[in-house]
Amino acid sequence: MYRCLLLFVVFACSCSPSNEGAATRTYSSTMNEASTPPTAAVSIYDQSFDLRRIDGTPFSLEGVKGKRLLLVNTASLCGYTPQYKQLQELYSTYRDQGFVILGFPANNFGAQEPHDNATIQEFCSANYGVDFPMMEKISVKGKDIHPLYAWLTSAKLNGVQDAPVKWNFQKFLIDA
């Protein structure tokens with residue numbers, strides 16, 4: 001029941017009028033009939049990603065191991081920016097049940113996140129009361145893609161599927 005409700009809420013948070021909008025990718029150990037498993041799935045926790053909170057302090061995925069993760073690339077000037085409110089509500093509701101949202105500001109689409117980390121942090125806190133972990137601004141696609149997003153978006157690396165980031169507020173749901 002929890003998993004169905006969580007997925008419903010996540011999909012409701014990512015509704016968009018076109019395929020160009022925010023999307024949700026779910027990685028789990030099951031494949032649908034149309035899928036051909038590229039290789040054995042590799043755990044996100046088996047990787048060594050250099051992650052930092054938006055305030056510059058180190059962040060280790062080891063600290064959230066065994067929890068359900070929702071990774072979201074964000075942008076302050078995007079039409080989807082009001083999703084911060086829904087994401088915060090989701091986090092507040094389920095954080096005590098092992099659910100963590102990680103926000104990754106990125107300026108890859110239409111220069112919609114031109115701000116520095118301190119400005120982004122203040123914006124998220126003041127406008128949406130965000131208290132889920134926000135990470136430092138990174139790139140989620142292109143030549144300078146962060147290694148975490150390279151792993152999330154490549155079947156060769158994650159062992160599940162290719163899932164290129166198409167716009168801001170695309171979500172990746174990682175099962176516990």
Side-chain angles (χ1 to χ4, degrees), residues 1-15 22-31 39-75 80-81 83-106 108 113 117 120-121 124 128-141 145-176:
M1 175 73 174
Y2 170 77
R3 176 176 265 166
C4 292
L5 178 61
L6 177 61
L7 287 175
F8 172 76
V9 173
V10 169
F11 285 117
C13 289
S14 66
C15 292
T24 301
R25 304 283 188 210
T26 303
Y27 293 111
S28 68
S29 59
T30 60
M31 303 287 289
T39 60
V42 179
S43 172
I44 194 170
Y45 304 107
D46 293 337
Q47 310 307 304
S48 180
F49 300 115
D50 180 20
L51 299 175
R52 298 199 172 275
R53 292 180 181 268
I54 202 160
D55 65 6
T57 59
F59 181 87
S60 172
L61 290 175
E62 186 66 31
V64 292
K65 188 172 186 175
K67 297 184 179 189
R68 292 167 188 88
L69 302 179
L70 184 67
L71 288 74
V72 185
N73 63 299
T74 64
Y80 294 114
T81 301
Q83 284 188 26
Y84 273 126
K85 180 180 183 219
Q86 296 165 318
L87 290 167
Q88 181 58 45
E89 289 170 359
L90 187 64
Y91 180 66
S92 295
T93 301
Y94 294 106
R95 74 172 128 204
D96 292 336
Q97 297 174 36
F99 178 69
V100 178
I101 295 174
L102 301 177
F104 291 88
N108 294 103
E113 188 52 89
N117 289 321
I120 296 166
Q121 184 175 24
C124 291
Y128 297 102
V130 169
D131 70 352
F132 56 82
M134 290 292 293
M135 302 295 122
E136 283 186 330
K137 188 173 166 179
I138 63 167
S139 178
V140 298
K141 70 177 217 165
I145 189 170
H146 188 279
L148 172 65
Y149 269 80
W151 184 87
L152 287 169
T153 60
S154 172
K156 289 179 183 175
L157 298 175
N158 64 46
V160 179
Q161 71 180 40
D162 289 323
V165 178
K166 295 181 179 180
W167 201 253
N168 300 312
F169 287 88
Q170 181 164 315
K171 297 154 187 75
F172 291 87
L173 182 60
I174 310 293
D175 195 3

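This chain uses plain numbering: 1 for the first residue, then up along the sequence. Remember, predicted model here, so these are calculated numbers, not experimental data. Just the heavy atoms: all of them, side chains too, but no hydrogens, waters or symmetry mates, feed the values below.
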Visitor: Can you tell me how far CD of Gln161 sits from CG of Leu152, rounded to the nearest 0.5 angstrom?
Guide: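 The distance works out to 10.5 Å.
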
Visitor: Might you point out which heavy atoms bring Ala176 and Gly66 nearest each other, and give the distance in Å?
Guide: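 Residues Ala176 and Gly66, closest heavy atoms: CB-O, 3.2 Å.
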
Visitor: Quick one: pull up NE2 in His146 and CD1 in Ile138 and give me the separation to the nearest 0.5 Å.
Guide: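 Spacing of NE2 (His146) from CD1 (Ile138) equals 5.5 Å.
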
Visitor: Taking the side chain as every heavy atom from C-beta outward, state whether Ile44 and Asp46 have any atom pair closer than 4.5 Å.
Guide: no

Visitor: Out of curiosity, Glu62 CD to Lys65 NZ, how far, rounded to the nearest 0.5 Å?
Guide: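 If we round to the nearest 0.5 Å, Glu62:CD and Lys65:NZ are 5.0 Å apart.
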
Visitor: Could you work out, with side-chain hydrogen bond (donor to acceptor under 3.5 Å, both in side chains) as the rule, every residue matching Thr93, not counting sequence neighbours?
Guide: none

Visitor: Who are the side-chain contact (heavy atoms from CB on, under 4.5 Å) partners of Ser139, not counting sequence neighbours?
Guide: Asn108, Asp144

Visitor: According to side-chain contact (heavy atoms from CB on, under 4.5 Å), who are the partners of Arg53, at least two apart in sequence or on a separate chain?
Guide: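 With sequence neighbours excluded, Arg53 shows a side-chain contact (heavy atoms from CB on, under 4.5 Å) to Asp55, Thr57, Phe59, Pro133, Met135, given in chain and number order.
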
Visitor: Within the 4.5 Å heavy-atom criterion, are Phe132 and Gln88 side-chain neighbours or not?
Guide: yes

Visitor: What residues form a side-chain contact (heavy atoms from CB on, under 4.5 Å) with Leu69, not counting sequence neighbours?
Guide: Tyr45, Leu61, Val64, Leu71, Val100, Ile174

Visitor: Tell me whether Asn73 contacts the main-chain N or O of Val140 through its side chain, where contact means a donor paired with an acceptor under 3.5 Å.
Guide: no

Visitor: Mark yes or no for whether Asn117, through its side chain, and Lys137, through its backbone, hold a donor-acceptor pair below 3.5 Å.
Guide: yes

Visitor: Which atom names give the shortest non-hydrogen contact between Pro105 and Glu136, and what distance separates them?
Guide: CD-O, 4.0 Å

Visitor: Are side-chain heavy atoms of Ser60 and Leu51 found at a separation under 4.5 Å?
Guide: no

Visitor: Which residues pass the side-chain contact (heavy atoms from CB on, under 4.5 Å) test with Gln47, sequence neighbours left out?
Guide: Val42, Phe49, Trp151

Visitor: What pairs with Tyr84 under side-chain hydrogen bond (donor to acceptor under 3.5 Å, both in side chains), at least two apart in sequence or on another chain?
Guide: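 For Tyr84 the side-chain hydrogen bond (donor to acceptor under 3.5 Å, both in side chains) partners, ignoring immediate neighbours, are Thr74.
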
Visitor: Tell me the salt bridge (charged side-chain N to carboxylate O under 4.0 Å, His left out) pairs involving residues 86-98, sequence neighbours left out?
Guide: Lys85-Glu89, Arg95-Asp131

Visitor: With sequence neighbours excluded, what pairs up with Tyr149 under the ring pair (Phe, Tyr, Trp, His ring centres under 6.0 Å) test?
Guide: Phe104, Phe172

Visitor: Are Val72 and Gln170 close enough that some pair of their side-chain heavy atoms sits under 4.5 Å apart?
Guide: no

Visitor: Side-chain contact test, heavy atoms from C-beta onward, threshold under 4.5 Å: evaluate it for Pro164 versus Lys141 and give yes or no.
Guide: no

Visitor: Once rounded to the nearest 0.5 Å, what's the spacing between atom CD of Gln86 and atom CD1 of Ile101?
Guide: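 Between atom CD of Gln86 and atom CD1 of Ile101 there are 10.5 Å.
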
Visitor: Would you say that Tyr128 contacts Thr81 through its side chain, given a criterion of any heavy-atom pair below 4.5 Å between the two side chains?
Guide: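 With C-beta onward as the side chain, the pair touches.
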
Visitor: What's the separation between atom OG1 in Thr153 and atom CG in Asp162, rounded to the nearest 0.5 Å?
Guide: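 With rounding to 0.5 Å, OG1 (Thr153) is 7.5 Å from CG (Asp162).
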
Visitor: State the CG-OG distance between Asn158 and Ser43, to the nearest 0.5 angstrom.
Guide: 11.0 Å

